[in-house]
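Right, one structure below, let's go through it.
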Protein chains: 2
Amino acid sequence: MSTKRREGNNRRQELIEATLNCIENEGIQGATVRKVADYAGVTNGLIRFYFSGKDELIRAAYAALLEQIYVSARANIEDAQLPVKERLRRFIQATLSFPIVSPRTVLLWANFLPLTYIDDEMAAIRNEGYVETTNILQPLVIASLAQENRNISEEESQRFAIKLNAVIDGLWLEGSMAGYKFQNGELAEMGVETASSILAINLAN
Amino acid sequence: MSTKRREGNNRRQELIEATLNCIENEGIQGATVRKVADYAGVTNGLIRFYFSGKDELIRAAYAALLEQIYVSARANIEDAQLPVKERLRRFIQATLSFPIVSPRTVLLWANFLPLTYIDDEMAAIRNEGYVETTNILQPLVIASLAQENRNISEEESQRFAIKLNAVIDGLWLEGSMAGYKFQNGELAEMGVETASSILAINLAN
DNA sequence: CATAAATTTATACACTTGCATAATAATGAT
DNA sequence: ATCATTATTATGCAAGTGTATAAATTTATG
């Protein structure tokens, strides 16, 4: 095989992407160093040049996946100028749209999840982003209800956040695995509707 | 090793249970025929006496898991004498209680899920029970709302069922993976509350 | 209790796995 | 152009994989 050199300095990122593609198509058990190398169009030895071993590659791929999800989820809600209710609505809509809603994302998530119960370092990667995501909803809930002069306890707001989070996760699963059931934007619409019901507030625009 | 013979005719079931235990603890990649045999306290050759190969063992284990989930979910709702609202409430409560809510169940579910996208026979096993479960909620929704003289379209009832299913799935995930957050029965209570909000009906007793 | 059938173990084999190491090729500095 | 550095391939190895097969043990049957 002829030795091809990278143009930029993106081999490491390419290998991570190849890992995700391989896991998506072959499953975590099918993701061997040789198959990942195939997906990247290189030979297996190269992986050990950029990663200390397979474990580090898998961990890097998991971290990259979570990062991609977080970036998509937080799109458009950072703008502090926006009304709170609109930020809450946008968060729900973004989480219930492509690319978060897709067979690929849910498959990768499901493949990695068990590893976080076996490998402590994988658990740490998961927890890093977990708190972050959890703490998005609760402040938005508190602020949105405060706008309607509804002041709720800390405990109540936490339960609201958990309920909203559950609806979003459940619709994400259903939309990702049975996407043919939903028209464009329908899933996000149902998410906003349900969140409105739970909070007894009108989030639609 | 001394050859120990079974008392009853339950070796096959024991091997399936051992497979589930092994996958729960070691993940699907760690579930080799030798490790499964260890979990069952036999030697690896025996697996081939009861199953045509590893694939059949995995499929049997997946089918057994789904069966266990379905049995738990449908507990107490078969009784046609019960008021519909109570049957709906019981279904939600059962799905949001042990053993469906547990790290084991969600871990096994996550480990098997990717296989249903790779192996057609695994996909078939999943689909067998899928329609069955989906069709539980929608009739209960229609009947519950009809009791309040609210007649809804087929499409509307379907959307309600999808929303309820999403809440249940999402709470199931959260409760299984972060069970420490919830007191006894709290998860089921939140499920019934949320379902009540979505349907604009009082399901609590 | 002797013999056949059913169950379980033991062993071997070809193949795959992650990883190590050496050889080769491409790049950059001077 | 030369040479050191970086990147990539090629090759090999020890351990683990699923599976096949024969041997051993237990149970059932007469």
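Proteins get letters first, then strands, A, B, ... in listed order; numbering begins at 1 in each.
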Next on the checklist: Closer than 3.5 angstrom, by distance alone: can the side chain of A:N111 be matched with the main-chain N or O of A:L107 as a donor-acceptor pair?
Outcome noted: yes
Item to check | Under-4.0 Å side-chain N/O to phosphate OP1/OP2 contact, B:R11 with C:dT7 | outcome: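 Looking at the OP1 and OP2 atoms of C:dT7, neither is under 4.0 Å from any side-chain N or O of B:R11.
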Next on the checklist: If the cut-off is 4.0 Å, is B:Y50 near the phosphate of C:dT7, judged by side-chain N/O to OP1 or OP2?
Outcome noted: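 For C:dT7, OP1/OP2 do not have a side-chain N/O of B:Y50 under 4.0 Å.
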Nucleotide nearest [X] when distance is taken to its side chain, options [options]:
X: B:K54; options: C:dT8, D:dT19, C:dG18; value: D:dT19
X: B:R48; options: D:dT9, D:dT19, C:dT8; value: D:dT19
X: A:T43; options: D:dA10, D:dT19, D:dG18; value: D:dA10
X: A:F49; options: C:dC19, D:dT19, D:dT6; value: D:dT6

Checklist entry - Mapping A:G30 and A:S52 to their closest nucleotides on DNA chain C, which lands nearer the 5' end? => result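 The residue mapped nearer the 5' terminus is A:G30.
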Without decimals, in angstroms, what is the distance between [X] [atom1] and [N] [atom2]?
X: B:L46; N: C:dT7; atom1: CG; atom2: C1'; answer: 7 Å
X: A:D38; N: D:dA10; atom1: CG; atom2: P; answer: 12 Å
X: B:R12; N: C:dA6; atom1: CZ; atom2: C1'; answer: 17 Å
X: B:L15; N: C:dT9; atom1: CG; atom2: P; answer: 10 Å
X: B:F51; N: D:dT19; atom1: CZ; atom2: P; answer: 13 Å
X: A:I58; N: C:dT17; atom1: CD1; atom2: C1'; answer: 13 Å
X: B:I47; N: D:dA20; atom1: CD1; atom2: C1'; answer: 15 Å
X: A:K35; N: C:dT16; atom1: NZ; atom2: P; answer: 10 Å

Checklist entry - Is the shortest side-chain N to carboxylate O distance from A:R11 to A:E14 below 4.0 Å? => result yes
Checklist entry - Is the shortest side-chain N to carboxylate O distance from A:E186 to B:R159 below 4.0 Å? => result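 The answer is yes: the pair qualifies as a salt bridge.
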Checklist entry - Any side-chain heavy atom of A:L66 sitting closer than 4.5 Å to one from A:F112? => result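 Of all side-chain heavy-atom pairs linking A:F112 with A:L66, none is under 4.5 Å.
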Next on the checklist: Quiz question: going by heavy-atom distance under 3.5 Å, is there a donor-acceptor pair between the base of D:dG18 and the side chain of B:R34?
Outcome noted: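 Yes, the side chain and the base share a sub-3.5 Å donor-acceptor pair.
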Checklist entry - Among B:E26, B:K35, B:R104, whose side-chain hydrogen bond (donor to acceptor under 3.5 Å, both in side chains) with B:N21 holds? => result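 One option only clears the test, and that one is B:R104.
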Item to check | Given DNA chain D, 5'-ward residue of the pair B:Q29 and A:N44, judged by closest heavy atom | outcome: A:N44
